[in-house]
Amino acid sequence: MPKKVGLIGCGVIGTVLAEAIQRKLVVCDGLVVFDVDASKAEKLKASLDFPVTIVPNVDALLAAKPKVVVEAASQQAVKEYAEKIVAKNIDLIVMSTGALLSLNIQSSKLHFPAGAIGGLDALASAVNAGIDEVTLTSRKPPKALGKTNTQATVVYEGAAEEAAKLFPREMNVAATLALTVKPAKVNVQVVSDPAVKRNTHEISVKWRFGEMFLRFANDPHPDNPHTSALAAWSAINLLKKMTDS
Ligand SMILES: NC(=O)c1ccc[n+]([C@@H]2O[C@H](COP(=O)([O-])OP(=O)(O)OC[C@H]3O[C@@H](n4cnc5c(N)ncnc54)[C@H](O)[C@@H]3O)[C@@H](O)[C@H]2O)c1
């Protein structure tokens with residue numbers, strides 16, 4: 001049976017992912033794409049020279065029977081389409097993880113990659129023994145947060161669930177952490193810092209048998225400073241595993 005990949009969202013992550021298919025980093029027989037902005041889908045198709053089908057909605061995407069669908073669109077897209085996709089028994093990779101905090105989807109077909117961070121295996125292991133405290137400090141250049149401050153400024157302090165709502169494009173990292181360590185809570189601090197060029201995430205964990213400190217300094221994607229290149233590569237890595245299996 002042909003192995004097709006479905007893609008919702010033809011922006012930065014969708015484009016990097018499609019380029020990985022073009023370079024055969026991910027092996028599949030074709031891509032079926034949907035974007036609410038049809039011009040984004042047209043532009044992506046025009047840049048590729050393997051079979052790409054543009055569809056006008058998610059129902060048409062599912063009718064093409066993809067092996068796996070990647071959501072690289074928005075939290076709204078996850079809210080609108082996720083249940084429908086997993087109900088068809090199709091694997092779904094979610095990038096806009098913030099949406100999953102308010103949805104209660106229990107399905108082995110639902111997957112999310114580590115995104116712009118990593119080390120989730122160690123955190124997931126620690127959950128079994130008991131986690132006391134998780135803190136995420138994210139420092140981003142003001143431009144990546146839509147700010148213009150000239151001094152380092154704390155723009156948010158609070159819980160991951162609220163951070164993901166207030167910063168839907170920037171705080172999927174907080175959501176991914178929260179989904180991994182639940183029922184433990186994640187305390188988040190967001191700093192708009194003109195001194196940093198990279199999107200920097202520091203994660204401190206105190207758990208029953210030790211402590212962890214993880215740090216990621218990611219180049220923002222030139223076409224979308226909200227998004228770190230690592231997020232797209234993490235989606236590619238997960239898609240590769242799922243299409244190989
Ligand atoms: N998990 C992570 O660590 C992580 C990291 C970076 C970005 N993200 C998230 O991944 C998503 C994609 O990021 P990006 O940088 O590629 O964004 P982008 O803005 O470059 O592209 C998103 C595309 O999706 C389309 N779109 C938006 N809503 C849609 C909908 N309801 N249905 C269909 N198409 C829709 C837009 O028209 C756009 O072309 C964003 O939600 C972003 O916040 C997650």
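When a ligand or atom number is given, it counts from 1 through the structure's own listing order. On a predicted model such as this, the values are computed, not experimentally measured, just so you know.
- On a distance-only criterion, Gly9 and ligand 1 share no N/O pair closer than 3.5 Å.
- Contact between Met171 and Val190 at its shortest, heavy atoms only, is SD-CG2, 3.9 Å.
- Scanning the protein heavy atoms around atom 21 (O) of ligand 1, the nearest turns out to be Gly11 CA, 3.2 Å.
- For ligand 1, the polar-atom distance check finds an N/O of Arg169 within less than 3.5 Å of one of the ligand's N/O atoms.
- Atom numbering of ligand 1 starts at 1 in the shown order; those under 4.0 Å from a heavy atom of Asp37 are 37 (O).
- Residue Asp35 has at least one nitrogen or oxygen atom sitting less than 3.5 Å from a nitrogen or oxygen atom of ligand 1, judged on distance alone.
- Of the protein's non-hydrogen atoms, the one nearest atom 3 (O) of ligand 1 is Ala116 N, 3.0 Å.
- Pairs of residues two or more places apart, or lying in two chains, that qualify as side chain to side chain donor-acceptor pair (under 3.5 Å) and include a residue from residues 89-105 are Glu71-Ser96, Asp91-His111, Thr97-Thr176, Asn104-Gln106.
- The single protein non-hydrogen atom nearest to atom 16 (O) of ligand 1 is Ile13 N, 2.8 Å, given as residue, atom name and distance.
- Salt-bridge check for Lys206 with Glu211: failed, with every basic side-chain N at 4.0 Å or more from each acidic carboxylate O.
- Assignment of Phe112 to the shell around ligand 1 is not supported, since no heavy atom sits closer than 4.0 Å.
- From Leu17, atom CG reaches atom CE of Met95 across 9.0 Å, with rounding to the nearest 0.5 Å.
- Between Arg139 and Glu202 there is no salt bridge, since no side-chain nitrogen of the basic residue lies less than 4.0 Å from a carboxylate oxygen of the acidic one.
- Distance from atom 28 (N) of ligand 1 to its nearest protein heavy atom, with residue and atom name: Ser74 OG, 2.9 Å.
- Rounding to the nearest 0.5 Å places CG of Leu230 at 7.5 Å from CZ of Phe216.
- The two atoms that bring Ser192 and Pro142 nearest to each other are OG-CA, 3.3 Å, heavy atoms only.
- To the nearest 0.5 Å, atom CD1 of residue Ile54 and atom CG of residue Leu61 are 12.0 Å apart.
- Interface atoms of ligand 1 facing Ala77, defined by a heavy-atom separation under 4.0 Å, are 30 (C), 31 (N).
- Looking only at heavy atoms of the protein, atom 34 (N) of ligand 1 is closest to Val36 N, 3.3 Å.
- For atom 32 (N) of ligand 1, the nearest protein heavy atom (residue, atom name, distance) is Tyr81 OH, 2.9 Å.
- The shortest non-hydrogen separation linking Val32 to Ala64 is CG2-CB, 3.9 Å.
- Heavy-atom contacts of Ile8 reach the following atoms of ligand 1: 33 (C) (cutoff under 4.0 Å).
- Ligand 1 has no N or O atom lying under 3.5 Å from any N or O atom of Gln75, backbone or side chain.
- The nearest heavy-atom contact from the protein to atom 44 (C) of ligand 1 is Met95 O, 3.1 Å.
- Heavy-atom minimum distance, Trp233 versus Leu25: CZ3-CD1, 3.8 Å.
- Between Ser138 and the options Glu170, His201, Gln189, a side-chain contact (heavy atoms from CB on, under 4.5 Å) holds for only His201.
- A heavy-atom separation below 4.0 Å is not found between Ser234 and ligand 1.
- Checking only distances, Val12 does come within under 3.5 Å of ligand 1, N or O to N or O.
- Leu7 and Ala72 get closest at one heavy-atom pair: CD1-CB, 4.3 Å.
- Heavy atoms of Pro168 found under 4.0 angstrom from ligand 1 belong exclusively to the backbone.
- For atom 5 (C) of ligand 1, the closest non-hydrogen atom of the protein is Ala231 CB, 3.2 Å.
- Looking at Asn172, Leu177, Val70, it is Asn172 that brings a heavy atom closest to atom 2 (C) of ligand 1.
- Considering backbone and side-chain atoms alike, Lys40 places an N or O below 3.5 Å from some N or O of ligand 1.
- Looking at ligand 1, you'll find an N or O of Thr227 within less than 3.5 Å of one of its N or O atoms.
- Closest approach of Leu123 and Ile131 over heavy atoms only: O-CD1, 3.8 Å.
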